[in-house]
Amino acid sequence: MTTVTDVIAVEQEHLLQVYRRGSVVFERGRGCRLFDANGRSYLDLISGVGVASLGHAHPRLASAIADQAQQLLHTSNLFFHPLQGELATRLSNLAGLPRAFFCNSGAEAVEASLKFARRYWHAQGQPRSEFVAFEHSFHGRTMGALSVTWDDHYRAPFKPLIPGVTFVAPDDIEGLRAAVTERTAAVIVEPIQGEGGVRPIGGDMAKAITAACLNTGALLIADEVQCGLGRTGRPFYSPVIGLEPDLMAIGKSLGAGVPIAATLFSERVAAAAAFGDHGSTYGGNLLACRAALVFLEELVDGGLMSHVARVGAHTEAGLHALAGRHPFIREIRGAGLMWGLELDRPAAPIVDAAIQQGLLVNRTAETVIRLLPPYIITTEEIDEAIGLLDAALIAAFGGQQG
Ligand SMILES: Cc1ncc(COP(=O)(O)O)c(C=O)c1O
């Protein structure tokens, strides 16, 4: 049997060392549970960072993938196939943005958003190149996406990034008004900041963004890669806070584990695109589209979105009760099945203590425990997870209450 030590040793020799991984080797999964090489089971409340929306080894998804593999996986974007249009139609109905470009990762979806914001202004004959983004934002690791990502830890080794990006604090409405000008191509915002610590954008800031875009003509890009596609129990979070984006980046849960992401466009922005402007070899291949169609069928026709809303409300109540027992939990933030528990101390020890309890959670922004469970999780599994998290908090911090 391959041991954890063997796996780590091979990786240390041959993989670029950019990931600090937990010391577990997973072999298989079912529903909301993962199993390691020793057969030990873990309740998965992170779902591969918000990706495994249908859980693991979902029977319909697995058989659709197998069926597609026996028909046709990939033809490139040199030719037509029937699934891109079908998927784009479904996404358009859900988001109210009529056109889609398919790619493979959230960063690429953001990259296309930034490029086509500039493309729009180029087509108007008044090139605008600047962007306004938010402190605590995370939009991905490619050069463009990194340029609108806030944390200097990610940025510093790769400078210079693209110029003309201004960051505004999410509560600094005056700062936002001053930053958005007639040189701004677009404002980019995560309606709920994910990596930055699960921070919903406030209603007043959302109003200020809308007004600033209206006053200056700047486009609005919503990055719904993490908080979109039913994660909050609503199709997207932008309309919940009153934002009407011209472009939207989505990814993560869309393929339920098969890599696919997309940028969605309003008609006026899409009208600026010309053949050859952008592309992706893999983008929207048959396998990825087939998986995404299964996900959307489950989400919309199968009632998964209302399930998320229901289980999400139960989760919120359970987390507030947990916070009542542990004064070092300072705040609970989020919606649906996207939650952050802000601690008054570093959250890293909790991740390890939770693994010991058979629970997978994740730390973000140093002091935040993040939960992004599969959409299919049940209230019973949430209760079990909160019980395990309670035990992990006690194991990590014991009697150090507050
Ligand atoms: C809001 C947001 N945008 C973009 C990305 C980048 O996505 P990917 O890692 O698929 O490139 C992420 C990833 O965490 C994200 O949370």
Side-chain angles (χ1 to χ4, degrees), residues 16 18-21 46-53 95 101-117 131 133-151 153-155 158 161 165 167 170 186-201 209 220-232 236-238 240-241 243 245 247-264 280 282-284 288 291-292 295 333-340 361-365 368 370-373:
L16 187 72
V18 289
Y19 298 117
R20 201 188 304 280
R21 305 191 201 275
I46 193 64
S47 66
V49 201
V51 167
S53 44
F101 172 83
F102 292 112
C103 51
N104 316 287
S105 67
E108 285 171 76
V110 168
E111 206 68 32
S113 307
L114 299 173
K115 282 183 72 177
F116 281 95
F131 294 100
F134 285 89
E135 293 181 6
H136 308 289
S137 65
F138 183 90
H139 297 292
R141 312 291 196 137
T142 53
M143 279 296 190
L146 192 57
S147 302
V148 289
T149 289
W150 182 66
D151 191 336
H153 174 74
Y154 300 130
R155 302 161 55 89
F158 304 105
L161 301 175
V165 178
F167 289 97
V187 176
I188 178 164
V189 62
E190 293 160 82
I192 303 179
Q193 296 182 320
E195 303 298 309
V198 191
R199 299 166 192 271
I201 294 293
I209 294 171
L220 177 60
I221 303 170
D223 181 345
E224 295 244 10
V225 166
Q226 193 164 141
C227 66
L229 287 169
R231 167 61 64 192
T232 64
F236 297 99
Y237 206 71
S238 300
V240 175
I241 56 172
L243 293 177
L247 298 115
M248 189 189 282
I250 57 174
K252 287 198 186 281
S253 58
L254 179 59
V258 176
I260 179 167
T263 309
L264 307 180
S280 162
Y282 288 124
F295 164 70
R333 296 188 293 262
L337 289 176
M338 175 174 185
W339 291 101
V361 297
N362 152 260
R363 173 203 55 134
T364 189
V368 178
R370 179 174 47 172
L371 312 179
L372 291 170

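Order of listing sets the numbers, starting from 1, for every ligand and every atom in it.
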Worksheet item: Within the structure, does Glu190 bring an N/O atom to less than 3.5 angstrom of an N/O atom in ligand 1?
Response: no
query = Do Ala107 and ligand 1 have an N or O pair less than 3.5 Å apart?
reply = yes
Whether Lys252 lies under 4.0 Å from ligand 1, heavy atom: yes
Using a strict 4.0 Å cut-off to heavy atoms of [X], name the atoms of ligand 1 that fall inside it.
{"X": "Ser105", "result": "10 (O), 11 (O)"}
{"X": "Glu195", "result": "14 (O)"}
{"X": "Asp223", "result": "1 (C), 2 (C), 3 (N), 4 (C)"}

Exercise. Is the closest protein non-hydrogen atom to atom 3 (N) of ligand 1 under 4.0 Å?
Worked result: yes
Specify side chain, backbone, both or neither for [X], according to which of its non-hydrogen atoms lie closer than 4.0 Å to ligand 1.
{"X": "Arg141", "answer": "neither"}
{"X": "Glu108", "answer": "neither"}
{"X": "His139", "answer": "backbone"}

Taking the six-membered ring for Trp, are the ring centroids of Phe138 and Tyr154 within less than 6.0 Å of each other?
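Phe138 vs Tyr154: aromatic centres under 6.0 Å.
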Can you tell me the protein heavy atom closest to atom 16 (O) of ligand 1 and the distance?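 Ranked first by proximity to atom 16 (O) of ligand 1 is Gln226 NE2, 2.8 Å.
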Suppose we measure from atom 7 (O) of ligand 1 to each protein heavy atom; which comes out shortest, and what is that distance?
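The closest one turns out to be Gly106 CA, 3.3 Å.
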Taking all atoms of both residues into account, what is the closest heavy-atom pair of [X] and [Y], and its distance?
{"X": "Pro259", "Y": "Ala288", "answer": "O-CB, 3.7 Å"}
{"X": "Val368", "Y": "Arg333", "answer": "CG2-NH2, 3.8 Å"}
{"X": "Gly196", "Y": "Ala365", "answer": "O-CB, 3.6 Å"}
{"X": "Phe131", "Y": "Ala117", "answer": "CE2-CB, 4.0 Å"}
{"X": "Leu254", "Y": "Ile250", "answer": "CD2-CD1, 4.2 Å"}
{"X": "Phe167", "Y": "Ser137", "answer": "CE2-OG, 3.9 Å"}

Salt bridge check, Arg370 against Glu195: does any charged N sit closer than 4.0 Å to a carboxylate O?
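Between Arg370 and Glu195 there is a salt bridge, with a charged N closer than 4.0 Å to a carboxylate O.
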